[in-house]
Amino acid sequence: MTAQTQLPIPNHFDAKRVGEVWRVLYQERAAEAEAWAKKYGIQPAAKDKTRICLMVIDVQNTFCIPKFELFVGGRSGTGAVDDNVRLCEFIYRNLGVITAIAPTMDTHTAMQIFHPIFWVNDAGEHPIPAATVITYEDVLKGVWKVNPAVAYSLANGNYLFLQKYALHYVKKLSDEGKYPLTVWPYHSMLGGIGHALVSAVEEAIFFHNIARHSQTLFEIKGGNPLTENYSVLRPEVLEGPDGRPIAQKNTRFIQKLLEFDAVIIAGQAKSHCVAWTIDDLLTEIMSQDANLAKKVYLLEDCTSPVVVPGVVDFTEQADAAFQRFANAGMHIVKSTDAIASWEGIQL
């Protein structure tokens, strides 16, 4: 094949099963992938002249499978499932030109600052997940306080430190113009089925790995109990009330991404983890060379915003963020268009 040729979709892919969870048959897919590469003359990724990275953000069951904890339905109600059908097809059609795939993995344990167990009110009740936003004023007035019982696991029993930290944390979010602290349902739990990649997407990524001899670049985020981590490139808050660092930005991964000739971004949710990651990437780009923004391509039909009908709708905020990214030089593209046709791509 030539680099400009889009490939057919392998017979094992079933679009009707993208919204389901099942076991990937690795050995069978590996044999098929090697045969597929031979049949279509797909070269190892090491031979790519134009190196392209596809970063898929948090395409995990917890966000992408209906009835799981934080399913991203968008306004259509089926957003993440539809997005992942297109994402899988995009990977298969462009198998021969995508050099590497970097899936980010939101990764949590129970005791984290955005989970119900971390907080209590005067009655000893935990906040209702997805319906509770905790502000600086809430913590200052004692509407919500750190649950004393978590101090044993998270601060060696130092409850006063945790309470002081919590006040600092919500104030920091407010001062820096970030989303206020939302208490989320327990989700992306390490070791649980919700943490896993969507089966159909995992299968496509594995197929790419074998066909192109390109190791999948998994990137874990979200394990720090004392900060949210919407972006894979940096947590929401980096230091404690004493100014000492509690976390750091992911400099290694930022540099790895910027070494590629093009970075394509898809995933969930457009309004949160996707937008925050792109925003952080843009910040790093602007600090180095604004022209680097031109190497970033946003698959707008493979991402959806958080929408809870009758409660909250982040569609407009997500669209405004993408427009801002485009104004900075990034490209808004569709998965159905051949990569070779995109502005700035020379294969």
Side-chain angles (χ1 to χ4, degrees), residues 15 18-19 52-66 68-94 98 101-106 179 184 187-188 194 197-202 204-205 217 219 221-222 229-233 257 262-282 293 295-309 312-337 339 342:
V18 172
I52 298 173
C53 177
L54 171 62
M55 178 166 58
V56 292
I57 297 173
D58 300 1
V59 184
Q60 297 160 269
N61 293 329
T62 204
F63 303 113
C64 299
I65 302 296
F68 270 62
E69 298 85 3
L70 285 173
F71 176 63
V72 181
R75 286 182 174 173
S76 71
T78 57
V81 175
D82 300 334
D83 295 336
N84 287 336
V85 170
R86 290 185 284 265
L87 177 61
C88 289
E89 292 175 345
F90 176 78
I91 292 170
Y92 288 127
R93 288 195 182 109
N94 296 284
I98 297 172
I101 300 180
T104 73
M105 304 283 289
D106 205 32
Y179 287 146
W184 297 107
H187 66 285
S188 292
L197 290 177
V198 169
S199 300
V201 176
E202 181 200 5
I205 291 173
L217 306 175
E219 197 66 29
K221 73 177 179 72
N229 212 145
Y230 292 123
S231 167
V232 70
L233 302 182
L257 289 174
V263 177
I264 305 168
I265 302 176
Q268 304 304 334
K270 181 179 181 181
S271 52
H272 287 72
C273 296
V274 172
W276 252 227
T277 297
I278 298 169
D279 191 70
D280 283 343
L281 182 61
L282 181 58
K295 67 164 64 179
V296 181
Y297 297 79
L298 312 180
L299 282 180
E300 67 170 346
D301 59 344
C302 293
T303 184
S304 292
V306 170
V307 177
V308 181
V312 67
D313 185 337
F314 284 98
T315 302
E316 291 184 4
Q317 291 97 318
D319 291 345
F322 266 49
Q323 185 57 55
R324 181 164 56 84
F325 302 146
N327 293 343
M330 295 181 177
H331 307 271
I332 309 295
V333 294
K334 290 189 179 298
S335 64
T336 49
D337 296 331
I339 290 178
W342 294 355

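Side chains included, hydrogens not; waters and symmetry mates left out as well; all remaining heavy atoms used.
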Identify the two heavy atoms, one from [X] and one from [Y], that lie closest to each other, and give their separation to 0.1 Å.
X	Y	result
Val18	Ala200	CG2-CB, 3.9 Å
Ile57	Cys273	CG2-CB, 4.0 Å
Val72	Ser304	CG1-O, 3.4 Å
Asp301	Ser335	OD2-OG, 2.8 Å
Pro66	Gly19	CD-O, 3.8 Å
Cys64	Val81	O-CG2, 3.6 Å

Would you check if the side chain of Asn229 reaches a backbone N or O of Ser231 as a donor-acceptor pair within less than 3.5 Å?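 Looks like yes, one N/O pair under 3.5 Å.
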ring-ring contact (aromatic ring centres under 6.0 Å, His included) with Phe68: which residues, sequence neighbours excluded?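 Here no residue qualifies.
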Does Phe63 have any ring-ring contact (aromatic ring centres under 6.0 Å, His included) partners at least two apart in sequence or in another chain, and if so, which?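 Result, ring-ring contact (aromatic ring centres under 6.0 Å, His included) vs Phe63: His187.
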Please state whether the rings of Trp276 and Tyr230 are parallel, tilted or perpendicular, taking 30° and 60° as the class boundaries.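 Taking Tyr230 first and then Trp276, their aromatic rings stand perpendicular (interplane angle over 60°).
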What class does the angle between the rings of Tyr297 and His331 fall in, given that below 30° is parallel, 30 to 60° is tilted and above 60° is perpendicular?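 Because their plane-to-plane angle is under 30°, the rings of Tyr297 and His331 count as parallel.
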Supply the atom-to-atom distance [X] [atom1] to [Y] [atom2], rounded to the nearest 0.5 angstrom.
X	Y	atom1	atom2	value
Thr104	Leu197	OG1	CG	9.0 Å
Phe71	Asn61	CZ	CG	11.5 Å
Leu54	Ile98	CG	CD1	5.0 Å
Leu299	Arg86	CG	CZ	10.5 Å
Glu316	Gln323	CD	CD	13.5 Å

Could you check whether any side-chain heavy atom of [X] comes within less than 4.5 Å of a side-chain heavy atom of [Y], counting everything from C-beta outward?
X	Y	result
Leu298	Val274	no
Thr315	Ser271	no
Ile339	Ile264	yes
Leu257	Cys53	yes

Please list, chain by chain and in numerical order, all residues satisfying salt bridge (charged side-chain N to carboxylate O under 4.0 Å, His left out) with [X], sequence neighbours excluded.
X	result
Glu219	Arg252
Asp313	Arg75
Glu69	none
Asp279	Arg324

Which pairs count as salt bridge (charged side-chain N to carboxylate O under 4.0 Å, His left out) when at least one residue sits in residues 55-65, sequence neighbours excluded?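 Matches after skipping sequence neighbours: Asp58-Lys221.
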Can you pull the salt bridge (charged side-chain N to carboxylate O under 4.0 Å, His left out) pairs that have at least one residue in residues 265-277, sequence neighbours excluded?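 Residue pairs passing salt bridge (charged side-chain N to carboxylate O under 4.0 Å, His left out), neighbours aside: Lys270-Asp319.
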Restricting to side-chain hydrogen bond (donor to acceptor under 3.5 Å, both in side chains), what partner residues turn up for [X], sequence neighbours left out?
X	answer
Gln317	none
Thr303	none
Ser188	none
Thr336	none

With side-chain hydrogen bond (donor to acceptor under 3.5 Å, both in side chains) as the test, would you mind laying out the steps for Asp83 and Gln268 before giving the verdict? CA-CA 9 Å; Asp83 295 336; Gln268 304 304 334; 2.9 Å; yes
Result of checking Ile265, Leu282, Leu281 against Phe325 for side-chain contact (heavy atoms from CB on, under 4.5 Å):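 Only match with Phe325 under side-chain contact (heavy atoms from CB on, under 4.5 Å): Leu282.
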